[in-house]
Amino acid sequence: MTSGKYNRMGCCCFALMLAIASSCAAVENRPNILFIYTDDQSHRTVGCYEEAFDWVHTPNIDRLASEGVRFTRAYIGTSCAASRAAMLTGHLQFGVETMRFVGEYPGSRYDAEQCPFWPRVFREHGYITAQIGKWHTGNDAGYGRDWDYQAVWNRPAHPDNAGNYYDDQLIEINGKTHRVKGYATDNYTQWAEEFIRGKHRKGDKPWYLWLCYTAVHGPFTPAQRHMNAYLNATVPVPADIYPPRPGKPAYMQKIQSWVKSPAGLPVMRGGGFTAATVAGKGLHGNTLSDWVRQYHQGVSAIDEGVGRLIRSLEETGQRKDTLVVFTSDQGFAWGQHGFRSKVAAYDATIRCPFIVSMPSQLPSGKTCASPVSGVDVVPTFFSFAGIDLPWEMHGRDLSPLLKNPEKAKKRSVLTVFTGRKYGSDTNVIPTDLNELRKVAQVPWYASLHDGRYKYIRTFEKDEIEELYDLQKDPQELSNLALLKKHGGRVLEMRAQTIAELKRTKAGFVDNLPPTGTDKRAR
């Protein structure tokens with residue numbers, strides 16, 4: 001006869017075994033996540049977007065869209081570093097505490113306890129986490145704490161190598177630095193493909209891979225095999241490539257990256273591209289068309305990489321249950337509003353591609369017109385992984401939009417730019433215009449997009465606000481905020497923007513400089 005004590009212990013053990021089995025099954029059923037993140041890639045570079053030039057050829061990215069959901073308006077971030085900080089914290093720039101640039105640019109630091117990165121939470125819940133490619137978020141890349149495997153170009157830790165976007169990079173592999181030759185886009189694709197196929201990870205645990213391409217950041221160097229692509233590419237000259245720009249804020253009248261050549265063609269001012277760590281002459285010439293052609297050639301290796309990665313998933317039987325997300329840190333303007341850069345609040349400068357695919361759970365070949373923000377990405381990953389959020393985040397889970405993309409309810413997304421300041425360092429808005437416009441001549445701002453209308457508030461005293469109807473005016477040329485008949489909408493979106501800033505606990509929200517819109521509206 002079996003004793004009651006033994007029966008109770010047996011029941012407890014059996015219950016424990018069931019709990020462990022259930023936990024293991026839950027981990028095994030969690031999807032892999034492949035997060036492909038490019039650099040400075042406009043939505044206009046991807047063929048499946050209506051705004052792309054008719055000569056653009058991106059068959060692999062287009063195929064990914066045909067096997068998933070494509071968002072027509074994505075605003076992932078406002079600058080490279082801020083976008084990446086959002087991808088690691090789920091917070092807009094002003095919510096990323098202790099992050100700051102120090103020493104020689106792009107040197108930066110953060111306190112890992114006050115500014116935790118969420119991949120460590122995935123590790124704690126049974127995921128293998130990996131990151132490959134560009135690292136731009138603090139000298140400490142987090143190997144062993146946030147990442148099980150890393151092969152990263154750590155720009156903050158190696159400022160003297162920070163301009164080497166395409167070759168001869170100092171790569172930190174699991175914390176140890178190696179000099180690596182070869183075309184960076186191809187290197188990253190190879191390392192990611194190896195990881196997908198099982199290298200650098202053991203067992204059958206689910207994995208999360210953040211693949212950060214350095215393309216197509218300046219100097220926009222294409223692979224040698226793509227140097228002759230798009231021979232007959234033609235690029236229309238944007239309507240407001242030269243000032244003046246009626247209805248735009250004062251700083252916009254000074255943006256002039258393009259000048260007319262003796263032949264009357266737009267050419268890049270200064271004879272070539274320059275940025276904080278990068279300078280270079282055009283490989284085909286210095287006209288607008290030359291630069292846009294070179295930029296698109298740089299996308300070709302990304303497209304090939306996407307094809308290789310998807311094939312790796314298919315050949316290893318992982319495609320069906322892997323969540324694949326393709327996007328960029330922000331877009332890039334080529335002549336629109338006079339820019340040859342990112343940062344400003346306009347679609348031409350910050351709007352980027354955003355495609356999500358997972359054949360076992362999501363529809364194929366669908367588009368979603370609801371705007372999406374970068375801070376929406378992180379809670380979406382947690383939702384798919386079945387893990388509770390470890391802290392309050394600024395974004396919202398995109399799962400409902402992904403499962404019913406064409407029936408999405410109206411939603412608004414907030415974008416904010418605070419230069420190179422983060423966290424509580426943004427509580428005081430600079431009044432010195434040189435400081436306020438320190439990055440790419442663009443001042444701090446907040447912008448709200450509701451799917452049709454975009455509202456922009458520049459953080460300068462007595463400056464006008466902006467309002468654009470993107471359905472009727474996709475180029476953002478006519479500022480409706482200056483027309484009294486749109487005054488009600490301006491007030492409504494102004495209030496919504498402030499409400500979003502308060503919801504996300506922006507320290508500067510009660511100290512915004514007064515606007516000059518009402519005085520100048522007609």
| said: For a salt bridge (Lys or Arg N to Asp or Glu O under 4.0 Å) check, start with the C-alpha distance between Arg494 and Asp518, then their side-chain angles and the critical distance, and finish with the verdict. | reply: CA-CA 12 Å; Arg494 180 192 298 169; Asp518 299 336; 3.7 Å; yes

Quick one: does [X]'s side chain have a donor or acceptor within less than 3.5 Å of a partner on [Y]'s backbone?
X: Trp210; Y: Ile36; answer: no
X: Thr458; Y: Glu460; answer: no
X: Thr98; Y: Asp111; answer: yes
X: Tyr422; Y: Tyr110; answer: no
X: Asn286; Y: Val267; answer: no
X: Arg109; Y: Val102; answer: no
X: Gln475; Y: Leu470; answer: no
X: Ser108; Y: Gly138; answer: yes
X: Asp473; Y: Ser478; answer: yes
X: Ser447; Y: Tyr455; answer: yes

Is there a donor in the side chain of [X] and an acceptor in the side chain of [Y], or the other way round, less than 3.5 Å apart?
X: Ser300; Y: Asp303; answer: no
X: Thr426; Y: Thr418; answer: no
X: Tyr49; Y: His43; answer: no

| Do Arg351's NZ or CZ and the ring of Tyr75 fall within the cation-pi criteria of under 6.0 Å and 45°? | no

| request: Assess Arg489 against Tyr453: is NZ or CZ under 6.0 Å from the centre of the six-membered ring, and within 45 degrees of the ring's axis? | output: yes

| request: Only one of Thr137, Thr89, Asp329 passes side chain to side chain donor-acceptor pair (under 3.5 Å) with Arg84; say which it is. | output: Asp329

Distance in Å, [X] [atom1] paired with [Y] [atom2], rounded so as to fall on 0.5 Å steps:
X: Thr415; Y: Leu448; atom1: OG1; atom2: CG; result: 8.0 Å
X: Thr504; Y: Leu414; atom1: OG1; atom2: CG; result: 6.0 Å
X: Cys115; Y: Met99; atom1: SG; atom2: CE; result: 4.5 Å
X: Gln93; Y: Arg420; atom1: CD; atom2: CZ; result: 11.0 Å
X: Leu467; Y: Glu465; atom1: CG; atom2: CD; result: 9.0 Å
X: Lys407; Y: Ser370; atom1: NZ; atom2: OG; result: 15.5 Å

| remark: Across all chains, not counting sequence neighbours, the side chain to side chain donor-acceptor pair (under 3.5 Å) partners of Tyr166 are none

Check: [Y] and [X] side chains under 4.5 Å, non-hydrogen atoms:
X: Lys472; Y: Arg452; answer: yes
X: Leu34; Y: Val325; answer: no
X: Glu500; Y: Gln496; answer: no
X: Val259; Y: Pro266; answer: no
X: Tyr295; Y: Arg293; answer: no
X: Pro514; Y: Asp462; answer: yes
X: Leu512; Y: Trp444; answer: no
X: Leu283; Y: Asp290; answer: no

| query | Mind checking whether Tyr208 and Trp118 have parallel, tilted or perpendicular rings, split at 30° and 60°? | reply | tilted

| request: Measure up the His337 and Phe339 rings against each other and bin them: parallel (under 30°), tilted (30 to 60°), perpendicular (over 60°). | output: perpendicular

When the ring centroid of [X] is compared with that of [Y], is the distance short of 6.0 Å?
X: Tyr37; Y: Phe35; answer: yes
X: His284; Y: Trp291; answer: no
X: Phe459; Y: Phe508; answer: yes
X: Phe220; Y: Trp334; answer: yes
X: Phe53; Y: His296; answer: yes
X: Phe381; Y: Phe122; answer: no

| request: Could you please spell out the steps behind the side chain to side chain donor-acceptor pair (under 3.5 Å) verdict for Gln330 and Ser79? | output: CA-CA 7 Å; Gln330 72 277 309; Ser79 67; 5.4 Å; no

| query | Salt bridge or not for Glu466 and Lys454, using N-O below 4.0 Å? | reply | no

| field | Lys/Arg-Asp/Glu bridge criterion (N-O < 4.0 Å) met for Asp347, Arg44 | value | no

| query | Would you say Lys421 has more than 12 foreign heavy atoms packed within less than 6.0 Å of its NZ? | reply | no

| task | Start with the C-alpha distance between Thr58 and Thr45, add both sets of side-chain angles, then the distance that settles side-chain contact (heavy atoms from CB on, under 4.5 Å), and finish with yes or no. | result | CA-CA 8 Å; Thr58 52; Thr45 66; 6.0 Å; no

| Pairs meeting criterion side-chain hydrogen bond (donor to acceptor under 3.5 Å, both in side chains) with involvement of residues 247-259, two or more places apart | Lys248-Tyr468

| request: Keeping to residues at least two apart or across chains, list the side-chain hydrogen bond (donor to acceptor under 3.5 Å, both in side chains) pairs with something in residues 375-395. | output: Asp376-Arg411, Ser383-Asp397, Ser383-Ser399

| request: For Arg155 and Trp135, run side-chain contact (heavy atoms from CB on, under 4.5 Å): C-alpha distance rounded to whole Å, both residues' side-chain angles, the deciding distance at 0.1 Å, then the answer. | output: CA-CA 6 Å; Arg155 297 182 74 237; Trp135 178 262; over 6 Å; no

Minimum heavy-atom distance [X]-[Y], with the two atoms named:
X: Ser424; Y: Glu97; result: OG-OE2, 2.8 Å
X: Val375; Y: Ala86; result: CG1-CB, 4.1 Å
X: Tyr165; Y: Pro219; result: CB-CD, 4.4 Å
X: Leu389; Y: Pro379; result: CD2-CA, 3.9 Å
X: Ser412; Y: Arg396; result: O-NH2, 2.5 Å

| field | Intermediate values then yes/no, side-chain contact (heavy atoms from CB on, under 4.5 Å), Gln131 and Cys212 | value | CA-CA 8 Å; Gln131 198 234 332; Cys212 296; 3.6 Å; yes

| task | Output, in order, the C-alpha distance, side-chain angles, deciding distance and verdict of side-chain contact (heavy atoms from CB on, under 4.5 Å) for Cys80 and Asp40. | result | CA-CA 8 Å; Cys80 291; Asp40 290 2; 3.5 Å; yes

